[in-house]
Chemist: 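Have a look at this one.
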Amino acid sequence: MLITTSTTEMPTAGYGAALLRGLKSFALLRESWVGMVGTALVLFWVLVAVFAPWLAPFDPNSSIQPFAKPGVEAVKVGGTFWLGTDHIGRDILSRIVWGSRTVLIYAPLATLCAYTVGILMGLAAGYRGGWVDDILSRIADIILSFPVLVLYIIIIATIGASGINIIIAITFASSPGIMRIVRGLTLDLRNRDYVAAAQTRGESDWRVMLVEILPNARGPLIVDACLRLGYVIITIGVLGFLGLGLPPPDPDWGGMVNETRQMAMAFPHMTLFPCIAISTLILGFNLLADGLREISLRD
Amino acid sequence: MVTLVVKRIGFMIFTMIVVSLILFLLLETKLTGDPATRVLGQFSNEEQREIWREQHGYNQPVALRYVKWLGNFATGELGESIRFKGPVADVMFPRLWNTAILGFVTFAIMIPLSLTLGVLSGMKEGSMLDRTISVFGIITTSVPEFASAVMFSALFVFSLKWLPGTSSMSGGFEFKQLILPAMVLIVYDFGYVARMTRASMAEVMTSQYIRTAVLKGLPYRSVIVKHALRNALIAPFTVIMLQINWLLSGVIVVEFFFAYKGFGALILEASLNNDIALLEACAMVAVCVAVTTQTIADIGYTFLNPRIRFS
């Protein structure tokens, strides 16, 4: 059901039916344990992010008691540092909990921006063909020929490190890859009967692309989006780790590792827990993508 | 074949020129901020910046400057590094060599490992072994390099005390210090290469000629070794060549983490210290390596694949 590119049904069944089909394919995930584990991990972090103010035992940015090991009691304020504190005395558990908000806001936002640009470029290149395709494909080739982290470093070095700039950099670097996928799918779909029907009805090019072609390309795109979301989380983490990420003091998992890595030999808990957090979240998205792919291949 | 090679090399040169133009526009013009401020710092005054601009020829027309800049690059005149107070070439090439050593060790272990795992799981698609390898690959690919670096350090340096935690090679070259950086790179990347090999192997295994080989009663072993592998390993060749592009990103994180004096750490240092000349040179070299390997991958794939070679 997920790859509807192969089905012959008319895509005019209405949004209610489309929603129902979406839900059904999600229910199919139950059959793939890999997909279930992935969903559980992602859901866990989403819930942590939503309920961060209630889950975090301390204020993530206030200095309470430096160099506390995991499980140490907080002397002055009461309570326990379940995962210890960092060199400035901030509670690591609270920072991880609040950090999940940072990553779960920026990563989907950046992925969404990259997808918007990538889809528009891919549809135009695949549907129009000719010189539009040539120019867009060449641009994509050139951007993709950069080692990706070198590209990020150059962009961030020139426009500076901030939340918006990270989204811009990610959009710039990942939309060419999305464009290539969408272009390929569009090339396949544009010769279908329902596209010809829409053209005969006199629908505008953009309407054909967005209403007729795009919804039928969604199967492979959903799988790719899951994988890409995981990859964007890695990117945000790596940028934070290299000191090119979001400016302090707000908690950011990659940044937490960067700030405390000098002390990692003496206090491994400071770096270890944020690393486990980011790895499980990425693992969640990757397993989810694998489960979705498995199901889409099944029927 | 010849047309393809010429075309690919032509595109390679075109890409390099466009990239140089992008780098020039981003780092040397006022498009993204004054280069004089970038070099001298935001606390410099306008007078100092003007002197710097005059000295370094920044008051000439942009087009002329670009041509000169490109000419300098082409003749190997890479400029002076502000951070290291010396010619860029003197700093960059030893670093590039160090990274080449790290990359070589990484690939020497990763390629056989991922090819073996990929072939094993592709031989019988959907088997228990296949599922185990694939899930294991997903898990290792989900851990970012910096996170696995932290975890391996915690295990091998902090708990077991087997390996040194930094790889600065301050007391001369020591192979022991290469183990952790290489391990981090291998663990992050082998899953992807194995997955690609598996897909290629699985596709070959469903083909007609393999079925014929099995049906005519050849031993399973010789079906795999003599018939399947030759075709199944064409696609991974391209994938492996393209991993060099990825490696150039991976080494930045790993070299920064383990204080290894390589090319990746140098790019980061150049960017964090606004060392424009060094950053430009490093970026050009990185893109050059990436584009060259892509070209070799493309040409090599065509050459290895008889269906394309003879058509």
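Below, chain A is the first sequence line, B the second, and so on; all start at residue 1.
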Chemist: Hey, could you give me the OG/CD1 distance between B:Ser142 and A:Ile278, rounded to the nearest 0.5 Å?
Modeler: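 Nearest 0.5 Å value for the OG-CD1 distance: 11.0 Å.
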Chemist: Look at B:Arg131, B:Met16, B:Glu145 and state which one has the largest set of heavy-atom pairs under 4.5 Å with chain A.
Modeler: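 Heavy-atom pairs under 4.5 Å are most numerous for B:Arg131.
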Chemist: Do other residues, nucleotides or ligands put more than 12 heavy atoms under 6.0 Å from B:Tyr192 OH?
Modeler: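 Atom OH in B:Tyr192 is not packed in, count stays at 12 or less.
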Chemist: Given that the side chain runs from C-beta out, which part of B:Val135 has a heavy atom under 4.5 Å from chain A: side chain, backbone, both or neither?
Modeler: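 Just its side chain gets close to chain A.
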Chemist: Side-chain contact test, heavy atoms from C-beta onward, threshold under 4.5 Å: evaluate it for A:Asp141 versus B:Thr15 and give yes or no.
Modeler: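 They are not in side-chain contact.
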Chemist: Looking at CG of B:Leu248 and CG of A:Leu149, how far apart are the two atoms once the value is rounded to the nearest 0.5 Å?
Modeler: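 Between B:Leu248 CG and A:Leu149 CG, I get 10.0 Å after rounding to 0.5 Å.
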Chemist: At a 4.5 Å cut-off on heavy atoms, which part of B:Leu242 comes close to chain A: side chain, backbone, both, or neither?
Modeler: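 The answer is neither part of B:Leu242.
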Chemist: Taking B:Ser271 for its side chain and A:Ala157 for its backbone only, find out whether a donor-acceptor pair lies under 3.5 Å.
Modeler: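 Checked: no pair found.
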Chemist: Where does A:Tyr231 contact chain B at under 4.5 Å (heavy atoms): side chain, backbone, both or neither?
Modeler: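 Looking at A:Tyr231, just its side chain touches chain B.
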Chemist: Which atoms of A:Val34 come close to chain B, meaning under 4.5 Å heavy atom to heavy atom: side chain ones, backbone ones, both, or neither?
Modeler: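 When you check distances to chain B, only side chain atoms of A:Val34 fall under 4.5 Å.
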Chemist: Tell me, side chain or backbone of A:Asn286 under 4.5 Å from chain B's heavy atoms, or both, or neither?
Modeler: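 Backbone plus side chain of A:Asn286, per the 4.5 Å heavy-atom cut-off to chain B.
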Chemist: Parallel, tilted or perpendicular: which fits the ring planes of A:Phe241 and B:Phe146, with parallel below 30° and perpendicular above 60°?
Modeler: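 The rings of A:Phe241 and B:Phe146 lie parallel, inter-plane angle below 30°.
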Chemist: Do the non-hydrogen side-chain atoms of A:Arg261 and B:Ser153 ever get within less than 4.5 Å of each other?
Modeler: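 The answer is no; the side chains never approach within 4.5 Å.
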Chemist: Could you check whether any side-chain heavy atom of A:Leu144 comes within less than 4.5 Å of a side-chain heavy atom of B:Asn245, counting everything from C-beta outward?
Modeler: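 Contact flag for A:Leu144/B:Asn245 side chains = no.
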Chemist: For B:Val18, is it the side chain, the backbone, both or neither that has a heavy atom under 4.5 Å from a heavy atom of chain A?
Modeler: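 B:Val18 touches chain A through side-chain heavy atoms alone.
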Chemist: Is there a side-chain contact between B:Val287 and A:Val150, using heavy atoms and a 4.5 Å cut-off?
Modeler: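 No, their side chains stay 4.5 Å or more apart.
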Chemist: Can you tell me which portion of B:Phe11 sits under 4.5 Å from chain A's heavy atoms? Options are side chain, backbone, both or neither.
Modeler: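 Interface part for B:Phe11: side chain.
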Chemist: So which of B:Ser249, B:Ala149, B:Ala147 has the biggest tally of heavy-atom pairs under 4.5 Å with chain A?
Modeler: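 It is B:Ser249.
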Chemist: Please check if the number of heavy atoms outside A:Ile164 that lie under 6.0 Å from its CD1 is greater than 12.
Modeler: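 Check fails, neighbour count at 12 or below.
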Chemist: Is there side-chain contact between A:Tyr152 and B:Ile252, with heavy atoms separated by less than 4.5 Å?
Modeler: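 No; the side chains remain at least 4.5 Å from each other.
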Chemist: Any chance OH of B:Tyr66 has more than 12 other-residue heavy atoms, nucleotides or ligands included, within less than 6.0 Å?
Modeler: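 Buried by this count: over 12 neighbours within 6.0 Å.
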Chemist: If you take all heavy atoms of B:Met151 and A:Ser279, which pair is closest and at what distance?
Modeler: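 Taking B:Met151 first and A:Ser279 second, the nearest heavy atoms are CE-OG, 3.7 Å.
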Chemist: Return the option, out of A:Ile233, A:Thr271, A:Leu281, with the maximum number of heavy-atom pairs under 4.5 Å with chain B.
Modeler: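 Option with the greatest count: A:Thr271.
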Chemist: Between B:Val143, B:Ile276, B:Thr293, which has the largest tally of heavy atom pairs under 4.5 Å with chain A?
Modeler: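 That would be B:Val143.
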Chemist: With the side chain counted from C-beta on, respond yes when A:Ile282 and B:Thr141 share a heavy-atom pair under 4.5 Å apart, and no when they do not.
Modeler: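 Counting from C-beta outward, A:Ile282 and B:Thr141 never come under 4.5 Å.
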Chemist: Can you tell which part of A:Val148 gets under 4.5 Å to a heavy atom of chain B, answering side chain, backbone, both or neither?
Modeler: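 Answer is both: backbone and side chain atoms of A:Val148 are under 4.5 Å from chain B.
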Chemist: Can you check whether B:Phe256 reaches A:Asn258 side chain to side chain, under 4.5 Å on heavy atoms?
Modeler: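 Yes, close enough: below the 4.5 Å cut-off.
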Chemist: Is A:Leu244 close to B:Leu272 at the side-chain level, that is, under 4.5 Å between some pair of heavy atoms?
Modeler: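 They are in contact (side-chain heavy atoms under 4.5 Å apart), so the answer is yes.
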Chemist: Top residue by heavy-atom pair count (under 4.5 Å) with chain B, among A:Ile154, A:Ile156, A:Ile155?
Modeler: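 Highest number of heavy-atom pairs under 4.5 Å: A:Ile154.
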Chemist: Tell me, out of B:Ile22, B:Val289, B:Val150, who's got the most heavy-atom pairs with chain A below 4.5 Å.
Modeler: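 When all of B:Ile22, B:Val289, B:Val150 are compared, B:Val150 has the most.
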Chemist: Could you grab the distance from atom CG of B:Leu268 to atom CD1 of A:Ile153, nearest 0.5 Å is fine?
Modeler: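 The CG atom of B:Leu268 sits 5.0 Å away from the CD1 atom of A:Ile153.
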Chemist: How many angstroms lie between atom OG1 of B:Thr140 and atom CG of A:Leu283, to the nearest 0.5 angstrom?
Modeler: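 One finds 10.0 Å between OG1 of B:Thr140 and CG of A:Leu283.
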Chemist: Given a strict heavy-atom distance threshold of 4.5 Å, which part of B:Phe263 is in contact with chain A: side chain, backbone, both, or neither?
Modeler: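 For B:Phe263, no heavy atom lies under 4.5 Å from chain A.
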